[in-house]
Novice: 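This structure is in structure tokens; I'll ask about it shortly.
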Amino acid sequence: MEETLRRLIGGPDPDEVSGILSDETADSIEAQLEKKRERAVEEKNDLAERFE
């Protein structure tokens, strides 16, 4: 999660902002980011298949 936060916001060290989000909110955000990554991979694979 730390790497994702740094890439997305390029902001403060996660240790400085830890505890701001509830565990439920953090888990939800992480799940949404994973879904987004999965969709991006699927879209890339679909596009690659079109050019085969």
Side-chain angles (χ1 to χ4, degrees):
M1 178 94 172
E2 178 179 338
E3 181 183 331
T4 300
L5 286 173
R6 286 179 193 258
R7 279 188 291 123
L8 288 175
I9 61 176
D13 188 297
D15 291 335
E16 294 174 8
V17 295
S18 66
I20 291 177
L21 301 176
S22 70
D23 287 343
E24 289 176 352
T25 300
D27 290 344
S28 175
I29 291 171
E30 192 169 15
Q32 290 174 17
L33 288 171
E34 181 61 28
K35 286 180 186 177
K36 184 175 181 179
R37 280 191 285 280
E38 289 171 359
R39 281 193 307 267
V41 168
E42 289 173 5
E43 290 172 0
K44 185 172 96 175
N45 290 339
D46 289 344
L47 184 60
E49 286 178 12
R50 291 184 201 166
F51 286 97
E52 289 182 353

Novice: Between Arg39 and Glu42, does any NZ, NE, NH1 or NH2 come within less than 4.0 Å of an OD or OE carboxylate oxygen?
Specialist: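 Result for this pair is no, no salt bridge flagged.
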Novice: Distance from Leu33 atom CG to Glu38 atom CD, nearest 0.5 Å?
Specialist: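 Reported value, rounded in 0.5 Å steps: 11.0 Å.
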Novice: Measure the spacing between CD of Glu30 and CG of Asp23 and express it to the nearest 0.5 Å.
Specialist: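 Separation between the atoms: 11.0 Å.
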Novice: With the side chain counted from C-beta on, respond yes when Glu24 and Ser28 share a heavy-atom pair under 4.5 Å apart, and no when they do not.
Specialist: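 Counting from C-beta outward, Glu24 and Ser28 never come under 4.5 Å.
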Novice: Step by step, would you call Glu34 with Arg37 a salt bridge (Lys or Arg N to Asp or Glu O under 4.0 Å)?
Specialist: CA-CA 5 Å; Glu34 181 61 28; Arg37 280 191 285 280; 3.2 Å; yes
Novice: To the closest 0.5 Å, what do you measure between CG (Asp27) and CG (Leu21)?
Specialist: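 Rounded to the nearest 0.5 Å, the CG-CG separation comes to 10.0 Å.
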Novice: Tell me whether the count of non-hydrogen atoms from other residues, nucleotides or ligands lying under 6.0 Å of CG in Asn45 goes above 12.
Specialist: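 Enclosed.
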